[in-house]
Amino acid sequence: MGKVVALANQKGGVGKTTTAINLAAAVALLGKKVLLIDADPQANATSGLGFDINQAGTYECLLGDKRAEEVILHSEDIKKLWVLPSSINLVAADAELSTMEGAHHRMKEIIDSVSDNYDYIFIDCSPSLGFTTVNILTAADSVLVPVQCEYLALEGLSKLLNTIKMIKSRLNPSLDIEGFVLTMYMRNRLNNQVVSEVREHFGALTYDTIIQRNIRLGEAPSHGKPIMLYDASANGATNYLLLAKEFLKKNRKKKISK
Ligand code: ADP
Ligand code: MG
């Protein structure tokens, strides 16, 4: 069964989608079978990998109108990468799911139906802690939190950490924190201060790899490609490949220690 990693942070614009796309692509390029589930109605991970955002996907699966295997798409560019697409329809999911019986486990049922086919399943969450995100955290093995290097980066994280705690105690006792990834780093005093604060606060849960601010990372989605295929020589490509290697190394260690 594949490991399920949710990318979450209720703050918008911190690099969740950029990290979801490029970490998923990098892990797939390193030889693992990867499914990326787009769970944001903005569908930026879907379009960022070159897929149409007007087709059945996560929403239809959550509602039970489609089976995941019917709507999962295979990347044309990366042999070991698949995507469960999103669309604007997903905005209705929070309201509709909350009236459905047993709805807390919808995402888990979807994932269980396909997880044998993958080594890793990444989920790009929307910037909310609503019903859909709670559903995802109920289904996830761990949460990877992108943290933008900016003033007050730690602020707001306490809310996410409380939500994780609540879900651990009520819905998913085995939910882990995968780690914190610093994003959009620029070499200056403020950014360095944020890096130190996050490392001080979260210790070994902070990834050594830091994602630098890199214009090419902002351009790649409009070409429907992960950074490694859009511009393999960009810093962003190097950063995300290193992040993927660190992620896989940490997970090998965890497996051994289990
Ligand atoms: P989120 O999913 O958390 O809302 P995104 O990944 O969509 O955040 O990033 C927000 C914006 O910042 C996007 O326009 C994205 O292209 C850009 N961006 C993200 N990471 C970087 C980076 N390391 N360097 C430059 N631009 C970035
Ligand atoms: Mg996003």
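Computed from a prediction, not measured in an experiment: that's the story for all the values here. Remember, it's 1-based here, ligands and their atoms both numbered in the order they're listed.
Using cut-offs of 30° and 60° for the angle between ring planes, the Phe247 and Tyr120 rings count as perpendicular. Below 30°, between 30° and 60°, or above 60°: for Trp82 and Tyr118 the angle between ring planes is above 60°, a perpendicular geometry.
Side-chain polar atoms of Thr19 and Tyr240 form a donor-acceptor pair below 3.5 angstrom.
Protein residues are said to neighbour a ligand when one of their heavy atoms lies under 4.0 Å from it; for ligand 1 these are Gly12, Gly13, Val14, Gly15, Lys16, Thr17, Thr18, Met184, Ile211, Gln212, Arg213, Asn214, Leu217, Gly218.
A 4.5 Å side-chain heavy-atom check between Ile177 and Leu161 finds at least one atom pair inside the cut-off.
Counting heavy-atom neighbours within 6.0 Å of Glu200 CD, excluding the residue itself, gives a total of 12 or less. The local environment of CZ in Arg216 is crowded, with over 12 non-hydrogen atoms from other residues, nucleotides or ligands closer than 6.0 Å. Shown here is Lys66, whose NZ atom has no more than 12 heavy atoms of other residues, nucleotides or ligands within 6.0 Å. Within a 6.0 Å radius of CD in Glu76, other residues, nucleotides and ligands contribute 12 heavy atoms or fewer.
When each of Thr58, Thr17, Asn44, Thr46 is tested with Asp38 by the rule side chain to side chain donor-acceptor pair (under 3.5 Å), just one qualifies, namely Thr46.
With waters left out, the protein N, O or S atoms under 2.8 Å from the Mg ion (ligand 2) add up to 1.
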